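Report on the structure given below.
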Amino acid sequence: MSGLQRKDLLDIESLSVDEIKLICESAKYFKDLFTRSVKTVPVLRGKTVCLLFYEPSTRTRISFELAAKRLSADLINISVQTSSVVKGESLIDTVHTLEAMKADIIVMRHAVSLAPHFLSRNIKSSVINAGDGFHAHPTQALLDAYSLMEKRGNIEGLHIGIIGDILHSRVARSDISVFKMLGAKVTLCGPPTLVPDEFKQYGVEIAYDLDEILPDLDAIQMLRIQKERQKGNMFPSIREYHKLFALTSQRLQRCKKDVVIMHPGPMNRGVEIQDAVADSPSAIINEQVTNGVAVRMAIFYLLAGGVPLEGIA
Ligand code: CP
């Protein structure tokens, strides 16, 4: 058992509010290391971390890789394109291979929802979900919550808008959970085909007119259109989508002065967000990437048995 009192980190819903706060508090200590000339600590020396990515990733993979290296872990980086999966090896056989290699922590991204849950039931190693299908992306949600807390001090009482392709977004599902658990009001906005009414069951508001809700929002998480996951045409055209739902400089002017603009990446500049907004002082998109490393270091540390930190020597 660890500071988190669990073997795996598979979704936000199975975490308690105290565990979410513990991860964020621990991430602060690890972020302090980033300003030092030597950024590594021997926290995971002798432990093996395996990155098992069945789907493309830039940010998440590099962030986990850097987090593991900064904690001095031994790293195995398996990309499905170069593994025996392309020769037809089943997930369970890959699991048994990893078990035999005594990987301590496996970080998995998979196109099928709940694949990391399947892995966790069949292996003694800790499993971290790095994104599964439409279902969950808990470490992204934790870094989003951490980044917003860092900027605003607290999430409780904030009104957060999540804008775009909610239907196909695992980030949206995990963000809704973490923001609600930390006491925020959440409003989803996008075309009705991409923001179905069923989402109301998660205790969120739904809006279809971005201009109407903008002045009330304290923070905005912009999402990209996930063309690769969409079946059929979910809206008339990118041009029309941009007109109705893109965060433009004009729309930024309608927001509160201290609004916080976030994006989990990858961004489609000129589609859901204009350059001038993505690069504006209101945006914390680069901080989200930096904080992702600190949050993932904290998760590794806590899953490996780390206790709450008072400070790192
Ligand atoms: N935010 C995110 O999951 O990005 P990648 O797909 O590049 O990992």
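Just so we're clear, the structure is a prediction, and the values are computed from it rather than from any experiment. Read the numbers this way: they start at 1 and go in the same order the structure lists the ligands and their atoms. Count residues from 1 along the sequence.
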| field | Nearest non-hydrogen protein atom, atom 6 (O) of ligand 1 | value |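 Checking every protein heavy atom, the shortest distance to atom 6 (O) of ligand 1 gives Arg109 NH1, 2.9 Å.
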| request: Identify, for atom 1 (N) of ligand 1, the protein heavy atom at the shortest distance, and state residue, atom and that distance. | output: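 Checked against all protein heavy atoms, atom 1 (N) of ligand 1 sits closest to Pro264 O, 2.9 Å.
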| Within less than 4.0 angstrom of ligand 1, does Gly265 place any heavy atom? |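 Yes; Gly265 lies near enough to ligand 1 that a heavy-atom distance drops under 4.0 Å.
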| said: Checking His117 against Asn129: is there a side-chain donor and acceptor pair closer than 3.5 Å? | reply: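 Judged by distance alone, the side chains do not pair up.
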| said: If we check side chain to side chain donor-acceptor pair (under 3.5 Å) with His263, which of these qualifies: Arg269, Glu272, Arg224? | reply: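 For His263, the side chain to side chain donor-acceptor pair (under 3.5 Å) check succeeds only for Glu272.
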| said: Counting only nitrogen or oxygen atoms and a 3.5 angstrom limit, does Pro266 reach ligand 1? | reply: no
| message | I need the atoms of ligand 1 closer than 4.0 Å to a non-hydrogen atom of Thr58, numbered in the order shown. | response | 5 (P), 7 (O), 8 (O)
| task | Could you tell me which atoms of ligand 1, counted from 1 in the order shown, lie closer than 4.0 angstrom to a heavy atom of Thr60? | result | 2 (C), 3 (O), 4 (O), 5 (P), 8 (O)
| task | Using the six-membered ring of Phe53, assess whether NZ or CZ of Arg109 lies under 6.0 Å from its centre and within 45 degrees of the ring axis. | result | no
| query | Do Arg70's NZ or CZ and the ring of Phe34 fall within the cation-pi criteria of under 6.0 Å and 45°? | reply | yes
| Quick one: which of Arg59, Glu55, Arg61 has a heavy atom closest to atom 4 (O) of ligand 1? |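 Looking at heavy atoms only, Arg59 sits closest to atom 4 (O) of ligand 1.
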| message | Between Ser174 (side chain only) and Ala136 (backbone N and O only), is there a donor and an acceptor less than 3.5 Å apart? | response |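 Side chain of Ser174 to backbone of Ala136, a donor-acceptor pair under 3.5 Å: no, none is there.
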